[in-house]
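Quick note: numbers below take in every heavy atom, side chains included, and nothing from hydrogens, waters or symmetry partners.
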Amino acid sequence: MTGIIHPQQARRFLLARQGLLGAKRFKGAQGLLAYVRQVGCVQYDPVDVCGKSHELAFLARVKGFSREMLACELYQRRTLLDYFDKNMCILSVEDWPYLAFTRQSFRNHTRSAEAVDAIASEVLNAVHQRGCLSAQELGIKEKADWYWSSTSLGRAALETLYFRGDLVVHHKSGTVKSYALASDCLPAELLAAPCPLENERALQKWQVKRRIGAVGLLWNAASDAWLGVNGLNAQARNECFDALLAAGEIAPLQVEGIDKPLYLLSAERELLEACAQPLTSEKRVALLAPLDCLMWDRRLIAALFHFSYKWEIYTPESQRRYGYYVLPVLYGEGFAGRVEPVCDRREGILWVQRFWPENGFAVTNRFLWAMEDALDRLRAFHGLSRVCWRDAWMQPAGDLP
C-alpha cells in the first residue's frame with residue numbers, strides 16, 4: 001500500500017496529472033499529442049452545443065488549441081487516429097498494432113456482413129480510384145440493416161471496412177466522413193507491425209492500465225471508465241488488477257474517508273508525493289467536457305470532490321435538474337459548480353444560459369474574472385464576437401431551473 005493520504009492530496013494529484021491545475025502545461029500541437037499519449041484516448045461525441053466533447057477536453061488543457069490543429073494531426077500529419085477504444089475516440093496512431101483484436105472482432109461480427117462482403121472489393125477499388133470517398137459519393141443506395149436504424153449499403157460498407165482497418169477516415173466535412181485506404185495513409189511498417197499482445201486477456205490488462213492512466217486514479221469496481229473493454233466482468237477485472245499489481249505496474253493508495261483502495265500507475269508516485277503541498281497559487285477556471293476522462297467515474301469524483309454530476313442530454317426535459325448540455329466548472333483545486341453555455345453562431349454570441357454554484361461556494365470577483373476568461377477562450381475558439389449572460393444567469397445548486 002502506498003499509504004494513507006488526505007483527499008486534498010488525491011485531488012491535487014488528479015488535477016495536476018490532468019493538466020488542469022495552474023497554468024496550462026500542454027502547449028500547441030506537441031502538447032496536444034503529449035496529452036493524448038498520456039491519457040491513451042479522448043472520447044469523441046458529435047453533439048455540438050458549445051463545442052464537441054473532445055474539443056472541450058482539449059480546450060481545457062492545451063494552450064492554443066484549435067480545430068485546425070486537431071484536423072492537421074488527424075488528417076494531414078496523421079499522428080492521431082479516429083477509432084474505437086472507450087467507444088469512438090481520438091488516440092495516437094502509434095496504438096494501431098494494439099487495436100488488432102478490435103479490428104478482428106469487426107471482421108468476425110458486423111451487421112449486414114454478407115451484403116457488405118459481396119461488394120467489399122468493389123468499394124475498395126472505388127476508394128482506391130478516387131483517393132477518398134464518402135457514402136454519398138459512393139452512391140450505393142440499397143438499404144442495409146445497421147446499428148441505429150437501416151442505412152444505405154454504401155455507408156454500411158464504408159463503415160464496416162473502416163471498422164476492420166481496411167479504411168481510415170481521410171477527412172471530415174462537418175459530420176460527413178470521407179474514407180481512404182489505410183495503406184494510402186499510414187506507414188507500411190505500422191500496418192505490418194504485429195500486435196504486442198498475445199491474447200485477449202493481455203488486451204484487457206493493457207486497457208485496464210491505460211484507463212487507470214487516463215483518469216489518474218481508479219478503484220477496482222464497476223465503472224464507466226471500463227466501457228469498451230470487452231468481457232471485463234468482475235472476475236476478469238480482478239485478474240487484471242492482480243496481474244498489474246504483481247508486475248509492479250500499478251500501486252494501491254488509501255485515501256481518508258474512502259473505503260476502497262484507489263490505484264495509480266507506479267510511475268506516478270513521485271508526482272503524488274509532490275502533491276502533498278499546493279503546487280501553485282494560480283487559480284484558473286476550466287470548463288470540462290461531459291465525457292472528459294476526469295469525469296469517467298462520476299462516483300469517484302463525488303467521493304473525492306463532493307461534486308455530483310450527471311450528463312442530462314438523454315434525460316427528458318421535465319426531469320432535468322439542470323439543463324441539456326451543462327459543463328462542470330473547475331476552479332483551482334475543486335469544483336465551483338456547473339454552467340450552460342450555448343453558441344448562437346448566427347448572431348455571433350456565446351450565451352451563458354445559467355451558472356449553478358455549488359452549495360457553499362463563494363462567488364468572488366476573482367472567480368468571476370477567471371470564469372469570464374474561460375468563457376472568452378470558448379468564444380474565441382468558436383470565432384464568435386461576444387459573450388452574453390442571460391438576466392437570471394445564476395441559480396443556487398439544488399434548485400430546479
Side-chain angles (χ1 to χ4, degrees), residues 29 32-33 36-37 41-48 51-55 57-58 65-100 102-107 110-113 115-117 119-142 144 146-148 151-193:
L32 174 65
L33 299 181
V36 174
R37 288 186 182 118
C41 66
V42 176
Q43 195 166 347
Y44 173 86
D45 190 82
V47 176
D48 190 352
K52 298 182 178 71
S53 187
H54 63 284
E55 294 173 341
F58 292 133
F65 172 72
S66 66
R67 287 194 181 97
E68 293 74 21
M69 177 190 296
L70 179 60
C72 178
E73 299 304 321
L74 280 167
Y75 309 126
Q76 296 177 37
R77 298 186 64 234
R78 298 209 176 265
T79 58
L80 299 178
L81 183 72
D82 311 89
Y83 200 66
F84 295 95
D85 192 337
K86 185 180 182 290
N87 299 327
M88 180 60 73
C89 288
I90 293 169
L91 54 149
S92 172
V93 74
E94 298 162 359
D95 291 330
W96 179 271
Y98 290 88
L99 305 172
T102 305
R103 294 192 293 270
Q104 186 60 50
S105 176
F106 280 117
R107 292 188 194 103
T110 311
R111 292 195 181 183
S112 298
V116 166
D117 288 341
I119 64 167
S121 296
E122 173 191 344
V123 171
L124 290 170
N125 185 60
V127 172
H128 175 68
Q129 293 297 323
R130 292 281 297 272
C132 64
L133 278 176
S134 66
Q136 292 90 331
E137 292 166 332
L138 186 59
I140 299 176
K141 304 297 185 183
E142 181 185 343
W146 205 229
Y147 288 92
W148 299 107
T151 190
S152 72
L153 179 57
R155 177 192 168 196
L158 286 170
E159 291 193 0
T160 298
L161 293 167
Y162 163 59
F163 298 164
R164 294 174 179 177
D166 299 296
L167 302 177
V168 295
V169 177
H170 182 272
H171 68 276
K172 291 180 183 176
S173 299
T175 59
V176 176
K177 300 183 187 75
S178 291
Y179 298 91
L181 296 182
S183 56
D184 288 342
C185 297
L186 302 181
E189 59 272 19
L190 184 68
L191 294 174

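Defined by atom type and a distance below 3.5 Å, a donor-acceptor pair is present between the side-chain atoms of Tyr75 and Asp82.
In this structure, Tyr162 has no side-chain hydrogen bond (donor to acceptor under 3.5 Å, both in side chains) partners at least two apart in sequence or on a different chain. The salt bridge (Lys or Arg N to Asp or Glu O under 4.0 Å) test applied to Asp45 returns no partner, not counting sequence neighbours. Every residue meeting the salt bridge (Lys or Arg N to Asp or Glu O under 4.0 Å) condition with Glu94, not counting sequence neighbours, appears here in chain and number order: Arg37. In this structure, Ser112 has no side-chain hydrogen bond (donor to acceptor under 3.5 Å, both in side chains) partners at least two apart in sequence or on a different chain. Every residue two or more places apart in sequence or in another chain was checked for a salt bridge (Lys or Arg N to Asp or Glu O under 4.0 Å) with Asp184, and none qualifies.
Looking at heavy atoms from C-beta onward, Ile140 lies in side-chain contact with Glu122 at the 4.5 angstrom threshold. Taking the side chain as every heavy atom from C-beta outward, Leu81 and Asp95 never approach each other to under 4.5 Å. Looking at Tyr179 and Val123, their side chains never come closer than 4.5 Å, going by heavy atoms from C-beta outward. Side-chain contact check for His54 versus Leu70: some heavy-atom pair is nearer than 4.5 Å. For the pair Val169 and Leu74, the minimum side-chain heavy-atom distance is 4.5 Å or more.
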Throw together a table of side-chain donor-acceptor distances under 3.5 angstrom for residues 126-136, partners on residues two or more places apart or in other chains.
residue: Ser134; atom: OG; partner: Glu137; partner atom: N; Å: 3.2
residue: Ser134; atom: OG; partner: Glu137; partner atom: OE1; Å: 3.3

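Counting only distance, with no hydrogens or angles, the side chain of Ser173 and the backbone of Val176 share no donor-acceptor pair below 3.5 Å.
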